[in-house]
S.K.: 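Here's a structure for you.
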2 protein chains.
Amino acid sequence: MCKLPDKIRIKDIAALAGVSTGTVDRVLHNRGEVSQKSREKIEKILTELNYQPNIYATALASKKKYTFITLLPEAKKGEYWYDIKIGVDNAAKELLDLNINVQQIFFDQYNETSFIQSINTILIQSPDGVLLAPVFKEQTIILTKELRIKNIPFVFIDSDISELNALSYFGMHSFKSGYLAAKLLLKDEKNNSDIAIFQAYRTGNSESNQTELRINGFKKYISDYYPDTVIHSVKIYAHDTDKNDKILKDFFNHYPQIKKGVTFNSRAYLIADYLTTNYIDDIKLIGYDLLEKNVIALKKNKICYLLAQRPEIQSYKGLKALCEYKIFKNKIKRTNFMPIDILTQENIDFYQEFTII
Amino acid sequence: MCKLPDKIRIKDIAALAGVSTGTVDRVLHNRGEVSQKSREKIEKILTELNYQPNIYATALASKKKYTFITLLPEAKKGEYWYDIKIGVDNAAKELLDLNINVQQIFFDQYNETSFIQSINTILIQSPDGVLLAPVFKEQTIILTKELRIKNIPFVFIDSDISELNALSYFGMHSFKSGYLAAKLLLKDEKNNSDIAIFQAYRTGNSESNQTELRINGFKKYISDYYPDTVIHSVKIYAHDTDKNDKILKDFFNHYPQIKKGVTFNSRAYLIADYLTTNYIDDIKLIGYDLLEKNVIALKKNKICYLLAQRPEIQSYKGLKALCEYKIFKNKIKRTNFMPIDILTQENIDFYQEFTII
DNA sequence: CTGTTAGCGCTTTCAT
DNA sequence: ATGAAAGCGCTAACAG
């Protein structure tokens, strides 16, 4: 019995195979120039000893430089896309020592032109990978077609366009989240006769695919379990408080029997604020995403549940996936649905103070 | 303007300060033998340029070896403590290249003697840190007292004994989880007059502190919002199905008005199984932890909600905390409450297939 | 008190 | 097809 070191190194493999470290490295990375005989011998030892490379040494020695580009909506602190950016920043910091540079490009999610302009920037740069939120479908098709030609992998986050077959997708299962929202709103309760769906109208962007899927899921639950429920749809305006006030006032006056509401975008606070201002506190409201304003409304008990989807993990994992694929040549899972987290007044603090990465 | 490399290295700092890399390293690690003058100059440059060491190079060059010991209950696949072990394994794998060895010691959570025996093993070994679940309070006091004398840091997971002032704690906020459980069980609902608390009786171990806190939280919510509710406590037996059957049958026959129940340990499936066997499906049941059997019952709709506490993250983060403290000399947060995750039939799959680390 | 130097395990280039 | 050797950035022992 000869004794082996705690952790097997390339040097050990080489010694056992009677070759040099260079040869072992060549078979490890499949870069040819190795005789059949050596290859087989080395591979055998490799699997027998279950060789695991020292990732620190690998990272340090590697000379290759990589650039990844992210194309995401701009955002201010407290907004959904800002949390996405936090994940990008976290990943970027980690990847720096791996010689990976992350370049962030932002567009205006209400302005398709700003997205179009970014396309060229990306294509000229020819990065090693792209992480993006496919907010504008047509333009995303154009961009990804070019990326495919240049053989640049891309990862979607937040929402998926499955026919474009990205390397990977990280985001919510929108349909099921809507289904869950309905259950949380209605199950075992009284006052289920009428409910309201508040839809924030966004200029310059038609109803997103994601919102639609959430609504479908929501309606499915209702038709499954409470088919008699009447659903009222109310259009509200994200950037016009006065107009909203009037709309909501009219609505609640008109349908006093409505005690339940839901929003499928992240603007639940718009409704919550109205309820607060008008001293209404018998409406059960459900919304999405931990925007600062939503969280405040949740804590004040104006929103009953918020469904969240770990935005900072979506972008973090998206970049790591690119890295795994390009650098470590690993297989990547195509679809990664994020957990649908249910937040209430009682558990929100623990959730927020707990940073996963 | 002289140009600096992308990433500042020790060598760059040394050049700017007109000293050698050895001296820079000495001030970085506070190991003395540096003149006041050099020290100040170097420190100035360090902060100005915001020097961040290359963690890969650091890890590779470091020659020190460390040993951490974990002292946790033994468990089989599908159990709570098995998930805790998964976190340990994950951390151990990551730490291997940092010259850190993680040695796992297991005890029988129903047998104090097995815990006592492990104490000696640990003290003889004199590891660089200990991660443990303080299941047996008296023995934990004895162990940690010795560790303190030997200046060995220790981290608690799962439950805390705050007066022992561990380096850090990772686990649930038991009281608030109980409060939340009550809300999920009762809020806005009918049939709140009578509810049952099922307590699994464990041989050899008195009611744990954790369970007690959960019950307190639960009762607090009820006294806050539904003070008229009658709470029935039922003792069940984890390892005696026949006995359980009889107890539960008697109980439900005696109190047919009870439509809600909760368990504060992880044995909700015991009740769920009874309900299944007896074709009862109008009882709303809440439990804790994603044991395989609990998850099955949740999916079959026999359990309505499961509260979970990310066991595999507790142990993972606990070990990383020891590492941060011992190796990178960083400050560690004393108390780290885990998110209280609310799982239902609808979101359990996404939660389980999503591995965070 | 300071500078020099030999590694850590792996990658990659250059001879052979 | 293969081996030798130079480094990646940092640590730590040693010589002065």
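The sequence lines fix the lettering, A, B, ..., with proteins before strands; numbering per chain opens at 1.
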S.K.: When you compare the protein's N or O atoms with those of nucleotides 9-11 of chain C, which come within less than 3.5 Å of each other, and at what distance?
M.R.:
from   : atom 1 : to      : atom 2 : distance (Å)
C/dG9  : OP2    : A/Arg9  : NH1    : 3.3
C/dG9  : N2     : A/Ala57 : O      : 3.4
C/dC10 : OP1    : A/Tyr51 : OH     : 2.4
C/dC10 : OP1    : A/Asn54 : N      : 3.4
C/dC10 : OP2    : A/Ile10 : N      : 2.7
C/dT11 : OP1    : A/His29 : NE2    : 3.1
C/dT11 : OP2    : A/Asp25 : OD1    : 2.4

S.K.: Do side-chain atoms of A/Gln314 reach the backbone of A/Asp158 as a donor and acceptor pair under 3.5 angstrom?
M.R.: yes
S.K.: Salt bridge or not between A/Glu43 and A/Arg39? Use side-chain N to carboxylate O under 4.0 Å.
M.R.: yes
S.K.: With a 3.5 Å cut-off and no angle check, do the side chains of A/Gln104 and A/Asp89 form a donor-acceptor pair?
M.R.: yes
S.K.: Using whole Å, what does the distance between atom P of nucleotide C/dC14 and atom CD of A/Glu33 come to?
M.R.: 14 Å
S.K.: Are A/Thr23 and D/dG3 close enough that a side-chain N or O sits under 4.0 Å from OP1 or OP2?
M.R.: yes
S.K.: Rounded to the nearest angstrom, tell me the gap between atom CG in B/Leu46 and atom P in D/dC10.
M.R.: 11 Å
S.K.: Do A/Lys320 and A/Phe170 meet the cation-pi criteria used here (NZ or CZ under 6.0 Å from the six-membered ring centre, within 45° of the axis)?
M.R.: no
S.K.: CG of A/Leu290 to CD of A/Glu79: how many Å apart, nearest 0.5 Å?
M.R.: 14.0 Å
S.K.: Between C1' on D/dG9 and CD1 on B/Ile13, what's the gap in Å once rounded to a whole number?
M.R.: 13 Å
S.K.: Please tell me whether A/Ser62 and A/Asn99 have a donor and an acceptor in their side chains that are separated by less than 3.5 angstrom.
M.R.: no
S.K.: Establish, for the pair B/Lys326 and B/Phe68, whether the NZ or CZ atom is under 6.0 angstrom from the six-membered ring centre and no further than 45 degrees off its axis.
M.R.: no
S.K.: Could you give the NZ-to-P distance, from B/Lys41 to C/dC1, as a whole number of Å?
M.R.: 17 Å
S.K.: Please give, in whole Å, the distance from D/dC10 C1' to B/Ile327 CD1?
M.R.: 15 Å
S.K.: Quick one: list whatever passes ring pair (Phe, Tyr, Trp, His ring centres under 6.0 Å) with A/Tyr169, sequence neighbours left out.
M.R.: none
S.K.: How large an angle, rounded to 10°, do the end axes of the helix from C/dC1-D/dG16 to C/dT16-D/dA1 enclose when each is built from five base pairs?
M.R.: 50°
S.K.: Report the distance from atom CZ of B/Arg26 to atom P of D/dA13, rounded to the nearest whole Å.
M.R.: 12 Å
S.K.: A/Leu98 has an atom CG; how far is it from atom P of D/dG9, in whole Å?
M.R.: 13 Å
S.K.: Without decimals, in angstroms, what is the distance between B/Arg39 CZ and C/dC1 P?
M.R.: 10 Å
S.K.: Please give me the minimum heavy-atom distance between B/Lys7 and B/Asp12, naming the atom from each residue.
M.R.: O-OD2, 3.9 Å
